[in-house]
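To start, the structure itself, in structure tokens.
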Number of protein chains: 2
Amino acid sequence: MNDSRPIRAKSGTNHEGTSAHNRRVMIDALRINGALSRADLARATWLTKQTVSNIIEELERDGLVSSQEAVRKGRGQPSTPYRLVPEGAFAIGLQIDRHVTRAVAVDLVGSVLVRAEAGLPPGGPSTGAKVILDLVTGVRSKLAAIVQQSETRLVGLGVAMPGPFGIDGSGDDPWMMEAWQKFPLLETLTAGTGLDVGLQNDAAAAATAERMVGAAHGLDHAICLFVGYGIGAGLILNGELYRGANGNAGEIGMALLFADGKSTPLEHRASLASLYQHLSADPADPDLHAHIDDLALRGDPSIEAWIEAAAADLRWSIHLIETIFDPQTVILCGSAPVALVNRLIAAIGPLQPSTAERRGRTLPRLQPGMADPWSVALGAAAGPISRAFDPHFAAILKDSR
Amino acid sequence: MNDSRPIRAKSGTNHEGTSAHNRRVMIDALRINGALSRADLARATWLTKQTVSNIIEELERDGLVSSQEAVRKGRGQPSTPYRLVPEGAFAIGLQIDRHVTRAVAVDLVGSVLVRAEAGLPPGGPSTGAKVILDLVTGVRSKLAAIVQQSETRLVGLGVAMPGPFGIDGSGDDPWMMEAWQKFPLLETLTAGTGLDVGLQNDAAAAATAERMVGAAHGLDHAICLFVGYGIGAGLILNGELYRGANGNAGEIGMALLFADGKSTPLEHRASLASLYQHLSADPADPDLHAHIDDLALRGDPSIEAWIEAAAADLRWSIHLIETIFDPQTVILCGSAPVALVNRLIAAIGPLQPSTAERRGRTLPRLQPGMADPWSVALGAAAGPISRAFDPHFAAILKDSR
DNA sequence: CTTATTAAGTCAATTGTCTTGACTTATTAC
DNA sequence: GTAATAAGTCAAGACAATTGACTTAATAAG
């Protein structure tokens, strides 16, 4: 009667899945290539002109694309290019960091329209939850004041915070994020905002941002090495962010390095946390960012030793990433001060020989990405936009909603 | 006139894509769960009973599934389970290794029906190509002698050989595979057999085999650490083998380890090549495999030191893999003698603490996979089967054929 | 033993989405 | 001025999943 081992199977699909995918493909094509005519879209997507026409018409009705002036380009009827309408959709992004929380509102093309920041009191979620919810609500209403219809076009709230997720705290977590991990954050935010809420770690968010508006734009295989308080990698594989079985893929900071006869997590050697320790600085100091920027810019000796050591570790990490993932490019980004990231990139070169050194490369092996305190919040917001509009396998399937 | 930067876009899909996907989903469900009724399939795939009926009927006509005796399981009409028909499809797998080449014929469910082996003369492709082609032809005709209609049901020829691919040889490649890399192998085999030919590296092939019939069966996130002449990882991510931008993902053997003040590729420390060197053995010796098996079984001191050192490196590798990929499980497999693999697994434990240590785990963090000289050839054959019958994103799209 | 209930599976009509092929429109090349 | 070329539309058609009623075959309940 009750044999019931559950049956595992992938979901099937139907007409709606087909249609949804084709809509996403159009949006993706316009995002990558800029404005395109219906004929261009048909050629690029392998769909018929008629199908493209139908979908474009529908997207235009939905306010997601709009036509531009016709362009003559040789013989034949002039083509009418269509472009993405930035105001076609919005998302809120929320970054929760150790001492600060940031929220942004972005549009369909990834422009930041509203940004707001707040300090996080040391009490953890018990006092911090209200701060966060207020911040989100504030950004949301500022967005509504700037653009009409933003509420109906809000596709979700993306949250980014340091991972890993779902791990039993070791008790000696030096970064105090453990309490946040245990707090039912997503449920609280869902209840408090009524929005679709998604979570990713900060490196994944940075990668999502790079893919939407940065160095990974249009790439299907790219790894973002994110240097923040910790260090992590955002994995873009087959054109999608890879999350792993439990959402913890890319937590490279915990990779072990052997040096001086002992093994140390990468994170303890190359991350802002390690720099703060090296400088005996207080991470909660609001002027620290500017101070480090200044030190890096001046090439202050107090920071040079750390840069050299961190660059060596990053050079190793990049080699490892190239070896394991075989990406089109590696992108170095972070919440670190810009000058520091620039110094790091300079100090990393030249890279180790690797399988990435191939004839016919068009992209550099290592590229600088965003180094902006707001990039993680932007990536957090890019999450819901991507989920709603980018083509991906799960979006075709029946059980995906 | 000629503005022509090429337009990049993902392919759209249509009814055929939908239908093809749903067929694959059925086959996948039967492969993972064993025989299932139409009603079971409908529930598991989210498709309607009617749709499932239509597809099953078609698959039965095509000889890919067949009904079993009806089973009564409580109230209601008895259900008729359907199972995969092993003889529904076949593929040839070819492994090209340094001194030997192996070919197998497998059926839809991954059973090996024919196997053949040949030594590879030292001359490289110039003399080896004929040996290989003859081996494949021999296996193919033996298959045809065993089962009728095998030729019409042959979905392809999968080739596995050591990677990485497409790299400019450094000239001092100690493994002599470079000449093979430059040889137009796929073209030669396509021309010589008329079959669809696909290529993967040996670790990827091992992972493909594990996924079809081994420890990764039914898993969507698993990493196979493959210890052979070199060492590599086969990456199963989101239910598919991940190849990277250039087909070289998982070449972990080139990852650098720091020890004794210098950096060494993992491959030089933990691989059969390093063991051969440790033992001053000749890799071309046909009795070497059995000899090492014997040494490992007896716990011979000449091999124990190597085992301890290699186990330490593998322990580190497993930690790294868990950290970076967040898989459901890690599988240790190889073309090494079984006793050696068993000794390695024993010597690896206990594993390092990692994010993989979570409550509610059901799978072991590390599992033994196949350690069989034929597993790579099997995986090579599993490649075409998987390409033809497993659900994956590319199979839905219009440009995939 | 009879009847109700439950579940598997089928039938026939319908719906949704892409495709096809002919057609219209607008422009440049000769 | 005419032919060639390309963008885009129209209307009918094809394909594959869906829907809801129906049939079949078993067990459970009275």
Side-chain angles (χ1 to χ4, degrees), chain A residues 1-4 7 11-26 35-61 65 67-82 395-399, chain B residues 1-4 7 11-26 35-61 65 67-82 395-399:
Chain A
M1 223 73 15
N2 194 3
D3 77 341
S4 63
I7 297 172
S11 166
T13 184
N14 60 9
H15 303 130
E16 291 175 43
T18 301
S19 170
H21 172 72
N22 287 344
R23 281 178 58 120
R24 286 167 184 260
V25 165
M26 300 290 155
L36 294 175
S37 69
R38 300 178 184 203
D40 282 339
L41 283 166
R43 279 186 294 266
T45 62
W46 300 73
L47 293 167
T48 60
K49 285 187 296 182
Q50 186 57 62
T51 301
V52 170
S53 265
N54 294 338
I55 295 174
I56 286 292
E57 200 175 319
E58 190 187 315
L59 291 175
E60 193 167 24
R61 260 204 318 279
V65 308
S67 59
Q68 297 182 319
E69 206 175 333
V71 293
R72 287 184 287 228
K73 44 179 180 191
R75 216 176 257 196
Q77 178 171 328
S79 63
T80 308
Y82 286 79
I396 298 186
L397 310 183
K398 291 188 74 180
D399 68 353
Chain B
M1 221 72 14
N2 195 0
D3 76 342
S4 63
I7 297 173
S11 165
T13 184
N14 60 9
H15 302 130
E16 290 175 42
T18 301
S19 170
H21 172 71
N22 288 344
R23 279 177 60 120
R24 285 165 184 261
V25 165
M26 300 291 155
L36 293 175
S37 69
R38 300 178 182 203
D40 282 339
L41 283 166
R43 279 185 295 265
T45 61
W46 298 74
L47 293 167
T48 60
K49 285 186 296 181
Q50 186 57 61
T51 300
V52 171
S53 266
N54 293 340
I55 295 173
I56 287 293
E57 201 176 315
E58 190 187 315
L59 291 175
E60 193 167 23
R61 259 204 318 277
V65 307
S67 58
Q68 297 183 317
E69 206 175 334
V71 294
R72 288 182 287 229
K73 45 180 180 191
R75 218 176 254 196
Q77 178 171 328
S79 63
T80 308
Y82 286 78
I396 298 186
L397 309 183
K398 290 188 76 180
D399 67 352

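Chain letters run A, B, ... following the sequence lines, proteins first, then strands; residues in each count from 1.
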If you take all heavy atoms of S79(A) and K73(A), which pair is closest and at what distance? OG-CE, 3.4 Å
Will you find, in the side chains of T18(A) and T18(B), an N or O donor that is under 3.5 Å from an N or O acceptor? yes
If only side-chain N and O atoms of S37(A) are considered, is one of them under 4.0 Å from the OP1 or OP2 phosphate oxygen of dG8(D)? yes
What is the distance, rounded to the nearest whole Å, between atom CG of L36(B) and atom P of dG9(C)? 11 Å
Have a look at S79(B) and say if it touches a base, only the backbone sugar-phosphate, or nothing, with a 4.0 Å heavy-atom cut-off. sugar-phosphate
Closest to the K49(B) side chain: dC18(C), dA16(D), dT10(C)? dT10(C)
Map T13(A) and P78(A) onto DNA chain D by nearest heavy atom, then report which one ends up closer to the 5' terminus. P78(A)
Which of the following nucleotides, dT10(C), dC18(C), dG8(D), is nearest to the side chain of S53(B)? dT10(C)
Counting only side-chain nitrogens and oxygens, does T80(A) get under 4.0 Å of the OP1 or OP2 atom of dG8(D)? yes
Give every residue pair that meets the salt bridge (charged side-chain N to carboxylate O under 4.0 Å, His left out) criterion with at least one member in residues 44-61 of chain B, sequence neighbours excluded. R23(B)-E58(B)
Would you mind classifying the nucleic acid contact of T18(A) as base, sugar-phosphate or nothing, using non-hydrogen atoms under 4.0 angstrom? sugar-phosphate
Hey, what are the protein-to-nucleotides 10-14 of chain D N/O distances that come in under 3.5 Å?
unit_1, atom_1, unit_2, atom_2, d
dC10(D), N4, Q50(A), OE1, 2.4

dG30(D) -> Watson-Crick or G-U wobble partner, both distances under 3.5 Å, gives dC1(C)
Within this structure, what is the CD-to-C1' distance between Q68(A) and dA7(D), rounded to whole angstrom? 16 Å
Do N22(B) and T45(B) make a side-chain contact, defined as non-hydrogen atoms from C-beta onward lying under 4.5 Å apart? no
Could you tell me how far apart N14(B) (CG) and dT20(C) (C1') are, to the nearest whole angstrom? 13 Å
Here the pair of heavy atoms bringing A42(A) nearest to V52(A) is CA-CG2, 3.6 Å
A correct 5'-to-3' footprint of nucleotides 1-6 of chain C, with B, S and - meaning base, sugar-phosphate only and no protein heavy atom under 4.0 Å, is ----BB
How many whole angstroms separate atom CG of D40(A) from atom C1' of dG8(D)? 13 Å
Before you tell me yes or no, could you show the steps for H21(A) and L397(B) under side chain to side chain contact (heavy atoms under 4.5 Å, CB included), namely the whole-Å CA-CA distance, both residues' side-chain angles and the distance that decides it to 0.1 Å? CA-CA 10 Å; H21(A) 172 72; L397(B) 309 183; 3.3 Å; yes
Measure from CZ on R43(B) to C1' on dG9(C) and round the result to the nearest Å. 12 Å
Close side-chain approach of V71(A) and P81(A), heavy atoms under 4.5 Å: yes
Closer than 4.0 angstrom, basic N to acidic O: yes or no for D399(B) and R43(A)? no
Rounding to an integer number of Å, can you tell me how far W46(A) CH2 sits from dT20(C) P? 14 Å
Residue mapping more 5' on DNA chain C - nearest nucleotide basis, R38(B) or L47(A): R38(B)
What's the closest nucleotide to the side chain of T48(B) if the choices are dA17(D), dA7(D), dT18(D)? dT18(D)
At less than 4.0 Å, is any side-chain N or O atom of N22(B) found next to OP1 or OP2 of dA17(D)? Yes or no. yes
Any side-chain heavy-atom pair from L41(B) and M26(B) closer than 4.5 angstrom? yes
Just the rounded figure in Å: distance from C1' of dT27(D) to NZ of K73(B). 15 Å
5' precedence on DNA chain C between I55(A) and R72(A) (nearest-nucleotide basis): I55(A)
Expressed in angstrom and rounded to an integer, what is the separation of I396(A) atom CD1 from dG16(C) atom C1'? 16 Å
Side chain to side chain contact (heavy atoms under 4.5 Å, CB included) between T80(B) and S37(B), intermediate numbers included: CA-CA 5 Å; T80(B) 308; S37(B) 69; 5.9 Å; no
